Colleague: 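I have a structure here, written as structure tokens, and I will follow up with some questions on it.
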2 protein chains.
Amino acid sequence: MRATRTQAERREQTRRALVAAARQLFADKGFAGTSTPEIAEAAGVTRGALYHHFADKAALFIAVVEEEHLLIAMAINSAAAGEDEPGPIKAVLGSCNAFLDAMADPGRRRIMLMDAPAVLGSQTLSRIESQYGLSATVRGLGEAMELGVMRRLPIAPLAQLLRAMVDRAAQAPEEEQADYRKAIKALVRGLKA
Amino acid sequence: MRATRTQAERREQTRRALVAAARQLFADKGFAGTSTPEIAEAAGVTRGALYHHFADKAALFIAVVEEEHLLIAMAINSAAAGEDEPGPIKAVLGSCNAFLDAMADPGRRRIMLMDAPAVLGSQTLSRIESQYGLSATVRGLGEAMELGVMRRLPIAPLAQLLRAMVDRAAQAPEEEQADYRKAIKALVRGLKA
DNA sequence: CCATTTTTATGCAGCCTGTATGTAACCGGC
DNA sequence: GCCGGTTACATACAGGCTGCATAAAAATGG
């Protein structure tokens with residue numbers, strides 16, 4: 001670290017520190033259980049810096065959620081890249097399983113599945129989700145229908161329902177994970193044309 | 001109202017007033033956006049009474065959630081009673097639609113679908129849900145499998161997935177409700193043996 | 001009718017959030 | 001290389017909220 005930093009460097013550095021500290025604390029103690037003094041201290045700055053970069057505590061939380069969405073999408077993409085492509089339905093199921101694998105982290109589950117809906121509200125949440133994670137599912141479903149291997153149904157709602165299922169499955173206890181994956185597989189398979 | 005009330009009457013009266021006032025405020029402004037002074041004032045008592053009857057704000061919220069669960073279950077049951085029973089799969093679909101009808105109230109959606117997961121946590125939530133709403137679904141699915149009209153799959157996970165789907169569908173905008181119901185119907189129909 | 005328990009009210013300590021104000025670091029032009 | 005201006009950060013403060021402790025009032029039971 002140089003003794004003097006450019007503004008952009010300072011800016012991004014403290015922003016990153018804040019988001020990283022917040023992600024850790026939100027993961028451990030939840031949104032409501034985490035205070036801005038805690039976050040600032042963990043990030044090594046003062047609350048002044050926090051409120052300079054983020055409008056309020058919720059805005060910082062949103063930044064954490066977006067980063068997490070990005071990480072999850074990357075994990076799913078790299079899992080999909082490692083597989084051969086034996087058809088769109090299998091591809092959709094593969095990304096469901098990759099999502100569940102990505103959700104193994106309890107902190108991530110707490111942030112994304114417990115707190116995010118309450119803090120963001122359903123419309124903000126669905127906007128962010130459709131921006132990050134859901135578009136791939138929509139593409140996969142559309143492709144399957146185009147190819148005639150899946151019943152024609154409203155695509156966006158179907159994608160939302162799929163997402164809702166894997167969200168719920170991710171929250172199930174470890175020992176039931178396999179059963180959930182089996183049930184999801186059966187439900188999706190049932191859509192075959 | 002008599003000038004003098006028995007203890008049980010006093011107790012239940014203020015309890016009801018608190019739960020009713022809280023339900024209204026939580027519905028309008030959310031759990032985090034509602035303060036205990038507000039609730040007490042709306043109920044016509046002081047915060048002292050509130051904290052005498054409920055351990056904390058979350059306990060009052062839980063009471064609201066349980067009452068809401070009860071109302072929803074009653075609505076679903078009376079809808080089911082009004083229908084003839086043309087088979088367990090149709091019965092399951094019927095209760096899905098009855099649930100969606102019961103979720104038309106935005107305040108109820110806010111309480112049950114946005115705030116409850118964050119306030120209660122996933123394990124408390126699923127305990128309450130399995131106690132109130134999910135047992136009927138489990139029964140219906142088990143019956144369908146016993147009769148051989150539905151594929152044999154892990155029942156409890158399947159019920160959870162179904163609940164997750166209708167929860168998500170309930171949060172969809174009004175104009176997409178029909179599409180969601182269609183998609184759910186197709187997914188459940190896909191489970192036919 | 002009095003002692004006791006239950007219900008309700010009041011006051012307090014500590015914390016948190018968001019903002020307003022002050023200071024320090026950087027930047028671009030001369 | 002200095003200097004006005006802007007951006008980044010720190011400090012101080014006001015208001016509100018939660019949960020508890022203590023006090024008053026109401027009911028119960030003997």
Side-chain angles (χ1 to χ4, degrees), chain A residues 1-65 115-116 118-121, chain B residues 1-26 28-65 115 118-121:
Chain A
M1 197 194 312
R2 293 199 308 281
T4 179
R5 297 168 295 174
T6 179
Q7 291 281 59
E9 280 171 346
R10 285 181 76 187
R11 186 176 177 74
E12 193 170 359
Q13 216 164 323
T14 59
R15 237 192 94 97
R16 276 185 197 287
L18 282 166
V19 172
R23 138 84 222 210
Q24 178 70 34
L25 287 163
F26 288 150
D28 289 347
K29 325 190 342 179
F31 178 79
T34 302
S35 69
T36 53
E38 271 177 305
I39 297 170
E41 187 185 348
V45 297
T46 61
R47 288 181 56 248
L50 192 160
Y51 278 93
H52 175 70
H53 286 282
F54 300 95
D56 54 14
K57 199 177 142 189
L60 175 53
F61 183 78
I62 291 181
V64 170
V65 166
D115 285 342
V119 177
L120 304 189
Chain B
M1 196 193 313
R2 292 198 309 279
T4 177
R5 298 167 295 174
T6 180
Q7 291 281 57
E9 280 172 346
R10 286 181 75 188
R11 186 177 176 75
E12 192 171 359
Q13 215 163 324
T14 60
R15 237 191 96 98
R16 275 184 198 287
L18 281 166
V19 171
R23 138 84 222 210
Q24 179 69 34
L25 286 163
F26 288 151
D28 289 347
K29 326 191 339 181
F31 178 79
T34 302
S35 68
T36 53
E38 269 177 307
I39 298 170
E41 187 186 349
V45 297
T46 62
R47 274 166 22 87
L50 192 159
Y51 278 93
H52 175 69
H53 287 282
F54 300 94
D56 54 13
K57 199 177 143 189
L60 174 53
F61 183 78
I62 290 181
V64 171
V65 166
D115 284 342
V119 177
L120 304 190

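Because the structure is a prediction, the values reported are computed rather than measured. Protein chains get the first letters and strands the later ones, always in sequence-line order, with residue 1 at the start of each.
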Colleague: Given C/dT8, is OP1 or OP2 found less than 4.0 Å from the side-chain N or O atoms of B/His53?
Modeller: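 B/His53 to C/dT8 OP1/OP2: side-chain N or O found under 4.0 Å.
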Colleague: For A/Gly48 and A/Ala32, find the nucleotide of DNA chain C closest to each by heavy atoms; which residue's nucleotide sits nearer the 5' end?
Modeller: A/Ala32
Colleague: Just how far, in rounded Å, is P of D/dA10 from OH of A/Tyr51?
Modeller: 15 Å
Colleague: How would you label the contact of A/Arg47 with the nucleic acid (heavy atoms, under 4.0 Å): base, sugar-phosphate, or nothing?
Modeller: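 Counting heavy atoms under 4.0 Å across all strands, the contact made by A/Arg47 includes a base.
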Colleague: Starting at atom CZ of B/Phe31, determine the distance to atom P of D/dT18, rounded to an integer number of angstrom.
Modeller: 8 Å
Colleague: Under 6.0 Å from the CD atom of B/Glu38, do we count more than 12 heavy atoms belonging to anything else shown?
Modeller: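 Atom CD in B/Glu38 is crowded, with more than 12 foreign heavy atoms closer than 6.0 Å.
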Colleague: If I compare all heavy atoms of B/Val64 with all of B/Val19, which pair ends up nearest, and what's the gap?
Modeller: CG2-O, 3.8 Å
Colleague: Whole angstroms only, please: what is the CZ-P distance between A/Arg15 and D/dA8?
Modeller: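 It is 11 Å, rounded to the nearest whole Å.
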Colleague: Examine D/dC17: is either OP1 or OP2 under 4.0 Å from a nitrogen or oxygen in the side chain of B/Ser35? Give yes or no.
Modeller: yes
Colleague: Measure the distance from CD on B/Glu12 to P on C/dT7 and round it to the nearest whole Å.
Modeller: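 Roughly 12 Å, once rounded to whole Å.
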Colleague: With a cut-off of less than 4.0 Å, is there a side-chain N or O of A/Arg10 near OP1 or OP2 of D/dA8?
Modeller: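 A/Arg10 to D/dA8 OP1/OP2: no side-chain N or O under 4.0 Å.
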Colleague: Evaluate the ring planes of B/Phe26 and B/Phe31, with Trp represented by its six-membered ring, and classify them as parallel (under 30°), tilted (30 to 60°) or perpendicular (over 60°).
Modeller: tilted
Colleague: Give A/Thr36 one of three labels, base, sugar-phosphate or nothing, depending on what nucleic acid heavy atoms sit under 4.0 Å from its own.
Modeller: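 Sugar-phosphate: the residue A/Thr36, judged by heavy atoms under 4.0 Å, touches backbone atoms but no base.
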Colleague: B/Leu50 CG to C/dT10 P: how many Å, rounded?
Modeller: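 The distance from CG of B/Leu50 to P of C/dT10 comes to 15 Å, rounded to the nearest Å.
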Colleague: I need the minimum non-hydrogen distance between A/Leu18 and A/Ile39, along with the two atoms involved.
Modeller: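 Answer, listing the atom of A/Leu18 first, then A/Ile39: O-CG2, 4.1 Å.
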Colleague: Can you name the nearest heavy-atom pair linking B/Asp115 to B/Gly30, along with the distance?
Modeller: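 For B/Asp115 versus B/Gly30, the nearest heavy atoms are OD2-CA, 3.3 Å.
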Colleague: Starting at atom CZ of A/Arg16, determine the distance to atom P of D/dC9, rounded to an integer number of angstrom.
Modeller: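 From A/Arg16 CZ to D/dC9 P: 14 Å.
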Colleague: Closer than 4.0 Å, any side-chain N/O of B/Thr14 to the OP1 or OP2 of C/dT8?
Modeller: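 Indeed, a polar side-chain atom of B/Thr14 lies that close.
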Colleague: Within the pair B/His52 and C/dT7, is there a side-chain N or O less than 4.0 Å away from OP1 or OP2?
Modeller: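 So the side-chain polar atoms of B/His52 do come within 4.0 Å of the phosphate oxygens OP1 or OP2 of C/dT7, strictly under.
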Colleague: Check the distance between D/dC17's P and B/Asp56's CG and give it to me in whole angstrom.
Modeller: 17 Å
Colleague: Rounded to whole Å, how long is the line connecting atom CD of B/Glu41 with atom C1' of D/dC17?
Modeller: 15 Å
